[in-house]
Every structure is written in C-alpha cells, then in structure tokens.
Asker: 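Sharing a structure with you now.
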Amino acid sequence: MPTSVVPFRNREGAAVDPVPYLVVASLAFLLCFSFGPVYCLALGSSLPVAVAATTLVFALVAVGAYHQMVWTTRPELHGEVPAVQRLHRLFYLGVLFALVFLALSLPLLL
C-alpha cells in the first residue's frame with residue numbers, strides 16, 4: 001500500500017529529516033501549554049488572553065524551530081558528533097531546562 005508522504009524540504013529543495021523538528025515542536029507545545037496559561041493567570045490576565053498568549057508563544061517557537069531545523073539546515077554537512085561533545089551538550093541542556101523550569105515556577109511560588 002503506497003503512501004504519499006511529502007518530505008520536509010529545505011530552501012534548496014533537499015529532503016530533510018522531520019523528526020528533530022517534530023520533537024522540538026511537540027516539546028514546545030507541551031511546555032507552552034503546561035506553564036503558559038497558569039503563568040499568565042498568576043500574573044492576573046483572563047483565561048482567553050492567557051490561552052491566546054500561550055498560543056502565540058508556541059507559534060513563534062514552532063516557526064523558529066522550523067526555520068532553524070528544516071528551512072536552513074544543510075543535510076550534506078551532518079555527520080557523527082563525538083560522544084564527549086554529545087555528553088557535554090546533554091549536560092548543558094539539562095542545566096538549561098532546570099533553570100527554565102525554575103524561572104517558570106517562581107511566580108507560582110510567590
């Protein structure tokens with residue numbers, strides 16, 4: 001049974017793996033709609049405004065991720081990254097996520 005899947009293409013027309021972008025967009029959706037409305041409500045906005053602001057932030061993050069991970073990517077330059085460098089990236093991303101969660105939860109703790 002043939003499927004007609006349209007691959008993601010960069011600005012040069014080369015096919016790009018969509019999985020990294022879809023993961024980032026999914027995580028952005030999860031984070032935005034988990035924290036966004038509650039954060040806005042804690043700051044005193046109404047629910048419709050909170051949901052609209054959260055949707056806008058998610059759309060901006062998704063468009064930025066698409067631009068970086070699909071539109072401007074160059075698949076011919078992708079190669080294997082050394083394990084030590086990947087471990088350092090994971091460590092720094094873990095610290096960054098912990099700081100983001102802490103910053104997002106501060107207004108809820110006060």
Side-chain angles (χ1 to χ4, degrees):
M1 182 167 136
T3 60
S4 60
V5 176
V6 178
F8 283 29
R9 300 208 176 269
N10 65 6
R11 63 181 168 199
E12 297 168 355
V16 176
D17 181 20
V19 173
Y21 164 71
L22 294 174
V23 168
V24 169
S26 300
L27 285 173
F29 179 84
L30 174 75
L31 286 174
C32 286
F33 284 95
S34 292
F35 285 102
V38 175
Y39 195 81
C40 291
L41 289 173
L43 294 175
S45 66
S46 65
L47 184 60
V49 171
V51 172
T54 301
T55 303
L56 179 65
V57 169
F58 165 69
L60 291 174
V61 170
V63 167
Y66 181 85
H67 183 267
Q68 181 178 357
M69 302 181 91
V70 176
W71 189 246
T72 60
T73 193
R74 295 179 54 194
E76 68 274 3
L77 296 180
H78 289 250
E80 187 173 340
V81 179
V84 172
Q85 189 175 0
R86 287 186 303 218
L87 184 63
H88 284 143
R89 280 187 191 171
L90 282 174
F91 174 74
Y92 290 128
L93 281 173
V95 170
L96 178 69
F97 274 124
L99 290 174
V100 166
F101 283 133
L102 180 65
L104 288 172
S105 63
L106 280 178
L108 303 176
L109 297 174
L110 301 176

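We use all heavy atoms of the structure for the numbers below, so side chains are in, but hydrogens, waters and symmetry mates are not.
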Asker: Going only through I, L, V, M, F, W and Y residues with side-chain contacts under 4.5 Å, is there a path from W71 to M69?
Answerer: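 W71 clusters together with M69.
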Asker: Would you give me the side-chain donor-acceptor pairs under 3.5 Å for residues 48-64, sequence neighbours excluded?
Answerer:
from, atom 1, to, atom 2, distance (Å)
T54, OG1, A50, O, 2.8
T55, OG1, V51, O, 2.8

Asker: List, by chain and then residue number, the residues other than Y92 in its hydrophobic cluster (Ile/Leu/Val/Met/Phe/Trp/Tyr, side-chain heavy atoms under 4.5 Å); write none if there are no others.
Answerer: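 Via sub-4.5 Å side-chain contacts, Y92 links to F91, V95, L99.
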Asker: With clusters defined by side-chain heavy atoms of hydrophobic residues (ILVMFWY) lying less than 4.5 Å apart, directly or transitively, does Y39 cluster with L41?
Answerer: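 In one cluster with L41: Y39, no.
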Asker: Tabulate below the donor-acceptor pairs under 3.5 Å that side-chain atoms of residues 10-32 make, not counting sequence neighbours, or state none.
Answerer:
from, atom 1, to, atom 2, distance (Å)
N10, OD1, E12, N, 3.1
N10, OD1, G13, N, 3.0
N10, OD1, A14, N, 2.9
N10, ND2, T73, O, 2.9
D17, OD1, V19, N, 3.4
S26, OG, L22, O, 2.7

Asker: For Q85, which residues count as a side chain to side chain contact (heavy atoms under 4.5 Å, CB included) partner, sequence neighbours excluded?
Answerer: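 Scan of Q85 (side chain to side chain contact (heavy atoms under 4.5 Å, CB included), adjacent residues dropped) gives V81, P82, R89.
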